[in-house]
Amino acid sequence: MEVAVENMPWGVMVILLPLAGALVCFLWPRRSVPLGLLGALGVVACVTGLCWQVVEQGAQRYTVGGWGAPLGIDLYADGLSLLMLMMTAVVGLGISIYSSGYFEHKTAVVFWPLWLFLWTALNALLLSADIFNLYVTLELLGLSAVALVALAGGADALTAAMRYLLVGLLGSLCYLLGVALLYHSFGSVDIAILAERMELSPAVWAAVGLMSAGLLLKTALFPLHFWLPPAHASAPVPVSALLSALVVMASFYILLRLWLEVFPPGAAAAGQLLGLLGATAVLWGGIQALRQTRLKLLIAYSTVAQMGYLFLAFPLGTSFAWKGALYLLLSHAMAKAAMFMAAGNILRFGGHDRIADLDRVAQRLPLTLAAFSLAGISIMGLPPSGGFIGKWMLLDAAFYRGQWWWALILIMGGLLTAAYVFKVVGYAFTQAEVTHEASRVPAGMEWTALVLALAAVLLGLFAPWPLALLDIGFPFSGGCAE
Amino acid sequence: MNSILLYALAGVGLFTLGLYALIVHAHLLRKILAINVMGSGVFLVLVSLGGRTPGASPDPVPHAMVITGIVVAVSATALALALMLRVQAKTGQTLLPEERLE
Amino acid sequence: MRRVNWDSGLLLLILATSLVPGLVIFFLPEERVAIRTTLNMGGAVVKLVLVGVLIWGVLHGHQYETRLPLLPGGLDLVLHADAESVLFVTLSAVLWLVTTIYAIGYLEGSQHRSRFFGFFSLCVTATVGVALAGNMITFLVFYELLTLSTYPLIVHRGTEEARQAGRVYLRYTIAGGALLLVGTVWLYDVAGSFEFTHRGVVAGLDDADRTVLTAIFVLLIAGLGVKAALVPLHGWLPRAMVAPAPVSALLHAVAVVKAGAFGIVRVVDDVYGVEFAASLGVTGPLAVLAATTIVYGSLRALFQDNLKRRLAYSTVSQVSYIVLGVAVVGPIATVGGLVHLVHQGLMKITLFFCAGNLAETLGVHNISDMNGIGRRMPWTMAAFTIAALGMIGVPPLAGFVSKWYLGLGALDAGQDWVVFILAGSSLLNAGYFLPVLYATWFKAPPDAWPAERSYGRRETAWALLAPPLVTALLVVAAGLLASAPFSPLQWARFITTQEYAP
Amino acid sequence: METMTVLQWLLDGMLVLALVWLAWRALSSPDLFTAIVLFIAFGLMMALAWGRLQAPDIALAEAAIGAGLTGALLLSALARSNDLADRINDDQIVDTEKK
């Protein structure tokens, strides 16, 4: 039994299982909900197996199709990709459970195959060992995400999806042009080989610029964020959750890998520029979130701000800062998914998400409001949440590098976040009566949001383990800068 | 200067042309065409620069990549066209509304 | 080995006695009064017993410490019981029990009680955590938890005024927390550690930049000063008195302002070390700030007609005695400051209980309506009188002991100006309490009270009357028995001998 | 040999110019139908270019998918889009007549 577990190609299973799930859901639409849930559980099990394998045996490399590099497809799982996979599995399971109560049959039939396909693409992306595979998976991820946004069907959602698609295609084409230049320079697309052969030339700089620009567009870094709020806010709630929690993070993940492993060092000026854009995003996103009158838009702008934090690690550049940004990313994924789910519950219960009228709704959904508040605590970065740990690490790195102005940005961002979170939470404590016929929210939807939010908060108490996981495999294994 | 480089330059030219059209034109169908032209440009760069030693037998890797890329591009085009029709059915227009002031 | 486990578990148990009931209470339906009361009271009593065990253990030389690694590189969450923690923990445990009884009586029949008691328990958990924190980051964690758990209590009534007060409270405390966070991270970066030790970790840094250390000190004190209501960071406190009376009592006596004051004590004594802080030249300005706050708070209190607002400004003033005691730098003044931590808590909680009783029983909120109220509610007003006299510093009540030691300590440390501040403040205390006492006892009562509720032959409900009587008794006892073993004064002396040990 | 190279250069140059010109026309011609036809022509020209680049496999894929399939999709989408536009126009006319 143990041998079987040891030798299973878990990394391949992690991709094949959701793909099979998507097919099965497509073929048996009547049973798509139980089949989809089963698929989600299966993915979680496979990720657990992979986790066990990586922890026991170190980073894993799988060769798919038997050709081997350079022609075949290689999968690579180290601590970084494993952590991302695990986070995806947790949030993905939550989204699956939430969705099983959210969609009506007519939409569910379309949702489940698309969602499992998106999950496939995401897992494949996180395991890709070459930059061209990253392109393909990124594109598949983007296409399925667009289709999911369009599921909402309204004029807002459709135009947002259209814009999202065009922006996404533009981003991935820029990225692909960069891939072409790198292949021209080094004759390979494999990340490890590129890392070995890397040397500077104008073509490489052009590639770095193009790939970064494409990925920044997809990560919605200010000022390339314009497409995100409408897309994330007008999508169906589970889709909003998975876009803000998972899809945005995918392009950041690629950028991080390239920056750490492939791109030539000495890009200090570029790092400062990215930090500056990130800082602007933190402030701008926060202010915009504060100004919104609709809850889902508020949460979407909050994503713009939170993505900004991640880029503060670029000018700092210590491994402590990178890990801090990654920890922020993890806790943000859980917290933001929970937040969107809470908003979805409020939307269903009250029939609207106008913030000014939340007093008639929020009080009647204590579990949902608790979920929103707990998620808010993590997003604000208050202790003991995962967001706090991430911020602490970034702050520490900022002082360590003597670049205290980033600390100022982190603090101001936190204050803005507190302002918009409490703007919503404050409505729970009123004496207003419900003035209309409210529709019931299934308990599963409330509890899913709460459990995810709680996970985001508790993540702060278990930081050493995930951080140790990051040391497996390449990006952080070569000696800590601190 | 050899003919390979000529194609690479043409690829960059197509990419730029497509990018320009993507930004300038409002009609969605035209934007979709622009994206496709950009894609073709990238593919040209990929293959022409991929065979690094002229005259030698062609490198199969860029070929595989471009064929994959073409398949991805047609899927994206199909999705974009379907979406465009739905946008038109809902809003009566084949344009994206101007960005609201953010 | 087993003993060690028990020792480290004790601190967690003390936290759990309010955390677990609090979490359970959140999920209780509104009408399950019996279960809720049992949980509340059970938790409070068990906590008190465990704190008794803790005191016994600390006296017998047990080391209590629990660690949880928070980040690699030695950044741990540490619960640690030293003499200062024990002082604060005991105060919170005793006053929590009393306040729980009071709150059960006060909120009888009102809405959202499960929510209220849930956050109430979390609030006490956070306070106890602040008391037991063994380093700055642990302190910070519980300090922020305190902010989060008191906000729902302040806005509990849900009126526009309450929500406005809640917003102001958050603005101040979240900003304060941010400053504290920056200070803490910076300190960690400079010092590499921020465990609380008797001489202070910063004192051991020889090559650190003194300007940086001063800047960190300012950040930390500013962050803590918000909760300790140091002028000009006190603006939230008078507004927060719209909260229900038990909340005000807890806020002013145990939880929020005390957490701030206790934090300042920790930073000066156990992070920087008193003597090092003095050599850095930061204690002088802190003392001046505290003195300013004392005078300013008392002056503002004079002109308030709303009883709770007057008490709130009185808190602004009185809490700064603690800061003053630490900032004067001298063993005797430190004793005075530390003992005032306890004494002010006892007196102020009594006053707020009494104010709550007046509001709940007679609908009296303003001092101008209190004429002759002593005849209608003699027991309540007796307790009020004792606490008010204590605040003024009338011997042999608790407040006298604090002021006596503060004055002696200031003279001992050669800072004679502090004595004038103390005298002036006592005069002002008398100025805003004595007219109230005169009116209650010697003026004629009106024909009818604004909103009177009848409790049969008793002047008010038993659960509302017993708590202030108990705390008033403690005020007397703390003064009369100040030299008995285990009195707050003796304990404060015990702490001070450790800080100033040669 | 010399003439071969010159001829090849000429051929490549013509091909490249044709590609850019077709793309430019496809993206700027006022009539959408013409634009799509030009785009299909562009795709076929791309197939030729792939041939010149010694990539017959891509040439096949480009002709079948890039020009053929994409072109068909574009044309059918245009047809449906025009239908939709007509219907919307009719509705508007009916609306105005009602008023």
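Each chain gets a letter, A, B and so on, in the order its sequence line appears, and its residues count up from 1.
No more than 12 heavy atoms of other residues, nucleotides or ligands lie within 6.0 Å of CZ in Arg239(C), so this atom counts as exposed by the packing criterion. Counting non-hydrogen atoms of neighbouring residues, nucleotides and ligands closer than 6.0 angstrom, the CD atom of Gln164(C) exceeds 12 such neighbours. Within a 6.0 Å sphere centred on CH2 of Trp405(A), other residues, nucleotides and ligands contribute more than 12 heavy atoms. Other residues, nucleotides and ligands contribute at most 12 non-hydrogen atoms within 6.0 Å of the CD atom of Glu161(C).
With chain C as the partner, the residue from Pro383(A), Gly460(A), Ser373(A) showing the most heavy-atom pairs under 4.5 Å is Pro383(A). Contact count versus chain A (heavy atoms, under 4.5 Å) is highest, among Thr147(C), Leu77(C), Val155(C), for Val155(C). The greatest number of non-hydrogen atom pairs below 4.5 Å with chain A, out of Leu145(C), Leu75(C), Val190(C), Leu179(C), is found for Leu75(C). Of all the listed residues (Arg163(C), Arg167(C), Glu144(C)), the one sharing the greatest number of non-hydrogen pairs under 4.5 Å with chain A is Arg163(C).
To the nearest 0.5 Å, the span separating CG on Leu71(C) from CG on Asp396(A) amounts to 8.5 Å.
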Report the C-alpha distance between Val182(C) and Trp404(A) in whole Å, list the side-chain angles of each, state the deciding distance to 0.1 Å, and finish with yes or no for side chain to side chain contact (heavy atoms under 4.5 Å, CB included). CA-CA 10 Å; Val182(C) 176; Trp404(A) 51 267; over 6 Å; no
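Using a 4.5 Å cut-off between heavy atoms, Leu367(A) contacts chain C through its side chain alone, with no backbone atom that close. Neither the backbone nor the side chain of Met412(A) comes within contact range of chain C, judged by heavy atoms closer than 4.5 Å. If you measure heavy-atom distances from Leu170(C) to chain A, the contacts under 4.5 Å come from the side chain alone. Using a 4.5 Å cut-off between heavy atoms, Phe462(A) does not touch chain C at all. At a 4.5 Å heavy-atom cutoff, the contact between Arg115(C) and chain A is made by side-chain atoms alone. Only the side chain of Leu467(A) has a heavy atom closer than 4.5 Å to any heavy atom of chain C. Both the backbone and the side chain of Leu395(A) come within contact range of chain C, each with at least one heavy atom under 4.5 Å from a heavy atom of that chain. Only the side chain of Ile377(A) comes within contact range of chain C, with at least one heavy atom under 4.5 Å from a heavy atom of that chain. Heavy atoms of Leu68(C) lying under 4.5 Å from chain A belong exclusively to its side chain.
Ring geometry, Tyr151(C) versus Phe422(A): the interplanar angle exceeds 60°, so the pair is classed perpendicular (tilted spans 30 to 60°). Ring geometry, Phe27(C) versus Trp447(A): the interplanar angle falls under 30°, so the pair is classed parallel (tilted spans 30 to 60°).
Phe429(A) places none of its side-chain heavy atoms less than 4.5 Å from the side chain of His112(C). Side-chain contact between Thr184(C) and Trp392(A): present, with at least one pair of heavy atoms (C-beta onward) separated by less than 4.5 Å.
Residues Ala418(A) and Ile174(C) approach most closely at CB-CG2, 3.9 Å, considering heavy atoms. The heavy-atom pair separating Pro69(C) from Pro464(A) by the smallest distance is O-CG, 3.6 Å.
Within the structure, salt bridge (Lys or Arg N to Asp or Glu O under 4.0 Å) pairs that include any residue of residues 398-421 of chain A do not occur (at least two apart or interchain).
Inspection of non-hydrogen atoms places Ile137(C), Leu140(C), Val141(C) of residues 129-143 of chain C under 4.5 Å from chain A.
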